[in-house]
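Worksheet: one structure, shown below.
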2 protein chains.
Amino acid sequence: MMTEHEDYLVLEKQLCFSLYSASHRLVRSYRLLLEPLDLTYPQYLAMLVLWQQPELNVKELGEKLYLDSGTLTPLLKRLETKGLVSRTRSQQDERVVHIRLTEQGQLLKAQASHIPKTIFQQSAMPLEQLQQLKHSCDLLFQQLEAL
Amino acid sequence: MMTEHEDYLVLEKQLCFSLYSASHRLVRSYRLLLEPLDLTYPQYLAMLVLWQQPELNVKELGEKLYLDSGTLTPLLKRLETKGLVSRTRSQQDERVVHIRLTEQGQLLKAQASHIPKTIFQQSAMPLEQLQQLKHSCDLLFQQLEAL
DNA sequence: CTCAATTGAATTGTGTGCAATATACTTGAG
DNA sequence: CTCAAGTATATTGCACACAATTCAATTGAG
C-alpha cells in the first residue's frame with residue numbers, strides 16, 4: 001500500500017541514517033579513549049592536524065577540518081585554556097590568528113598514539129572493509145562538495 | 001621519521017574523520033531540501049519514524065533513533081510547536097509521554113517523498129556502492145554497540 | 001592615493017548530542 | 001500493604017555545527 005517513493009521514506013533503508021548513526025557511535029567510542037587526555041573528539045581532530053603541522057592559522061585549520069570559525073574559535077580557546085595551543089595575531093596581517101602547538105600539546109601526542117589501533121581493534125572488522133568504507137565516504141563527500 | 005603508531009595519527013588516514021565529514025556533509029545536503037518543510041535533519045528522522053508508526057512514546061522513538069530524552073524532549077517540543085506532533089502523558093502510566101502524528105504532520109509526508117531520490121541523485125554514486133557503504137556502516141555500528 | 005570590495009576571525013543565535021541529575025511513577029519482595 | 005528498587009521522562013549544563021552578522025584589516029581598481 002506504499003508508493004515507490006514512500007517506500008524510500010523508511011528510516012532503516014536510508015543510507016544517511018546509517019552514516020549518521022555510525023559516525024555518532026564511533027565518536028562515542030573515541031570519547032572513552034579521549035577522556036584520559038581531557039579532549040573531545042573535535043578537539044582531538046584539531047590536535048591531529050597540529051601534531052603534523054605545529055603552526056597554522058584558523059582559516060587553514062578550518063580548511064583541513066571542514067569547520068568554520070564559529071566552531072573553531074571557541075574550540076581553540078578551550079585548547080588554549082588547557083595549555084595545549086597558543087593563539088596569537090599575526091604581525092603582518094592582524095586579521096590572521098596563528099595557532100601554535102605548545103610543548104605540553106606536543107607531549108600529549110605520545111598519550112594519543114595508541115588510539116587509532118585501539119579503535120581499529122574495537123571495530124572488529126577486516127582492515128580491507130574499513131579501507132573500502134573510508135574510500136566510499138571520501139568519494140561521497142567529494143561528490144556532495146562538488147555540487 | 002615517524003614511528004608506525006604515529007603514522008596512524010595522520011588526519012587524512014583516519015576512517016572516523018572520513019565518516020564524520022561525510023555524515024556532516026550529507027546532513028548539509030539534506031538541510032537545503034528540508035528548508036522548505038521547515039525541518040532540521042534530526043527532526044526529519046523523527047518524522048520518518050512517525051510516518052511509519054503514527055503513535056509511540058519517547059523511549060520507543062529513542063530506541064529507533066539511538067537518541068536519549070535529553071535530545072528528544074526539546075526536539076519533540078519544537079515539532080509540537082510547529083503543529084506536526086502532539087505530546088500527551090499516558091493515562092495508565094503517567095511517566096510515559098505518547099507522541100502522535102497530527103493531521104498536519106501526516107500531510108507533510110507528501111512534501112518529503114521526493115527527498116531520498118534527490119539525495120541519491122546528488123551523490124552521483126552507483127547504487128551498489130551506496131548499498132555497500134550502508135551495509136558497512138550498519139556493521140560498524142553493531143560492532144561498536146556490542147562492546 | 002583612495003575608497004569600495006574582500007578577507008579572516010569573532011560573535012550571536014538556534015538546534016542538536018549526551019552525560020548527569022532530578023522527579024514522578026510503578027512494581028515487587030517481604 | 002509498604003517501601004526500596006527500578007523505570008520513563010524531563011532538566012541542566014557543556015560542547016559542538018553552522019548560518020548570519022559584525023568588525024577590523026587589507027587590497028585593488030581607477
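From a predicted model like this one, the values you see are computed outputs, not experimental measurements. Every chain is numbered from 1, with letters handed out A, B, ... down the list of sequences.
- Whole-Å rounding puts the A:Tyr41 OH to C:dC18 C1' distance at 17 Å.
- Residue B:Leu75 contributes atom CG, which lies 12 Å from atom P of D:dA10 at whole-angstrom precision.
- One atom, CZ of B:Phe17, and another, P of D:dC16, lie 15 Å apart when rounded to the nearest Å.
- When each of A:Lys59 and A:His24 is assigned the nucleotide of DNA chain C bearing its nearest heavy atom, the one mapping closer to the 5' terminus is A:Lys59.
- Here the side chain of A:Lys134 pairs no donor or acceptor atom with the backbone of A:Gln129 at under 3.5 angstrom.
- At a non-hydrogen distance threshold of 4.0 Å, B:Arg95, B:Val96, B:Val97 from residues 91-102 of chain B come into contact with DNA chain D.
- Exactly one residue among A:Tyr41, A:Tyr30, A:Tyr44 makes a ring pair (Phe, Tyr, Trp, His ring centres under 6.0 Å) with B:Tyr20. That residue is A:Tyr41.
- Listed for the B:Ser113 side chain is a donor-acceptor partner under 3.5 Å among the backbone atoms of B:Ala110.
- The CZ atom of B:Arg87 sits 12 Å away from the C1' atom of D:dT11 (whole-angstrom rounding).
- The phosphate of D:dC16 (OP1 or OP2) has a side-chain N or O of A:Thr40 nearer than 4.0 angstrom.
- Contact check, B:Gln43 against C:dT16: a side-chain N or O comes under 4.0 Å of OP1 or OP2.
- Judged purely by atom type and a 3.5 angstrom limit, A:Thr71 has no side-chain atom pairing as donor or acceptor with the backbone of A:Leu67.
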Dump the intermediate steps for side chain to side chain donor-acceptor pair (under 3.5 Å) on B:Gln104 and B:Lys82, then the final yes or no.
-> CA-CA 9 Å; B:Gln104 201 183 332; B:Lys82 298 179 198 194; over 6 Å; no
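- A distance of 6.0 Å separates CG in B:Leu133 from CE in B:Met125, rounded to the nearest 0.5 Å.
- The interatomic distance linking A:Leu61 (CG) with D:dA17 (P) rounds to 13 Å, in whole Å.
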Restricting both atoms to N or O, compile the protein contacts to nucleotides 19-21 of chain D shorter than 3.5 Å, with distance only.
{"from": "D:dA19", "atom 1": "OP1", "to": "B:Arg31", "atom 2": "NH1", "distance (Å)": "3.2"}

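- Both A:Leu76 and B:Arg78 lie near DNA chain C, and the one whose nearest nucleotide falls closer to the 5' end is A:Leu76.
- Looking at heavy-atom distances under 4.0 Å, A:Arg25 makes no contact with the nucleic acid at all.
- Between the C1' atom of C:dT7 and the CD atom of A:Glu60 lies a distance of 14 Å, rounded to the nearest Å.
- Salt-bridge annotation for A:Lys59 and A:Glu63: present, with a side-chain N of the basic residue lying under 4.0 Å from a carboxylate O of the acidic one.
- Side-chain N/O atoms of B:Lys77 include none lying less than 4.0 angstrom from OP1 or OP2 on D:dT9.
- Distances shown here put a side-chain N or O of B:Asn57 below 4.0 Å from the OP1 or OP2 atom of D:dT9.
- When all heavy atoms of B:Ala112 and B:Trp51 are compared, the pair lying nearest together is CB-CH2, 3.6 Å.
- Nearest to the side chain of B:Val58, among C:dT16, C:dA10, D:dA10, sits D:dA10.
- Ion pairing between a basic and an acidic side chain is recognised when a charged N comes within 4.0 Å of a carboxylate O; B:Glu80 and B:Arg87 show such pairing.
- Scanning all heavy atoms of the two residues, the minimum distance from B:Ala46 to B:Leu65 falls at CA-CD1, 3.9 Å.
- In this entry the distance linking CG of B:Leu65 with C1' of D:dT9 reads 16 Å, nearest Å.
- A:Leu67 places its CG atom 14 Å from the P atom of C:dA9, with the value rounded to the nearest Å.
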